[in-house]
Amino acid sequence: MRTTLQLGQPINTYDLGEALKLQTGHFKVIPPDGDPFYVTCEQGKGIVDVQWPNQANTKPLTVVKVFEPTNTMTNETGATPIPVRATG
């Protein structure tokens with residue numbers, strides 16, 4: 001059984017496709033060179049292959065879940081909750 005990443009939970013991986021397999025949400029990916037990018041994963045869709053030029057996978061990527069969709073969840077009344085963003 002695969003564990004779903006929690007918000008703010010960092011992991012280190014050499015294989016982004018495998019790390020995000022079966023995950024949903026928005027993820028910040030920080031490669032060894034430190035120039036971050038973002039990946040969005042939708043239910044039922046996966047990442048096939050991601051490679052960086054001149055990168056021999058000698059150092060792992062850091063992946064952090066930064067947003068989790070709520071559109072598939074409903075509360076006890078059957079209504080879909082509206083995500084609230086913190087300000088400040």
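Keep in mind that what you see is a predicted model, and the values were worked out from it rather than measured. Just so it is clear, the values below take in all heavy atoms, side chains as well, and ignore hydrogens, waters and symmetry mates.
Under the rule for a side-chain hydrogen bond (donor to acceptor under 3.5 Å, both in side chains), Thr13 has no partner lying at least two apart in sequence or in another chain. With sequence neighbours excluded, no residue forms a side-chain hydrogen bond (donor to acceptor under 3.5 Å, both in side chains) with Gln9.
Thr62 has its side chain out of reach of Lys28: every pair of non-hydrogen atoms, C-beta onward, lies at least 4.5 Å apart. Under the 4.5 Å side-chain criterion, counting only non-hydrogen atoms from C-beta, Thr4 is in contact with Gln23. With contacts defined as side-chain heavy-atom distances shorter than 4.5 Å, the pair Leu5/Leu20 qualifies. The shortest side-chain heavy-atom distance between Phe37 and Val39 falls under the 4.5 Å cut-off. Side-chain contact between Leu61 and Pro32 is present, with heavy atoms from C-beta onward closer than 4.5 Å.
The minimum heavy-atom distance linking His26 with Thr40 is given by the pair ND1-OG1, 2.7 Å. Looking at every heavy atom in both residues, Pro36 comes nearest to Pro31 through CA-CD, 4.1 Å. Between Lys65 and Gln6, the shortest heavy-atom contact is CB-O, 3.6 Å. For the residue pair Gly8 and Pro10, the shortest heavy atom distance occurs at O-CD, 3.0 Å.
Under a hydrophobic-cluster definition in which Ile, Leu, Val, Met, Phe, Trp and Tyr are linked whenever side-chain heavy atoms come within less than 4.5 Å, directly or via other members, Phe27 and Ile30 are assigned to different clusters.
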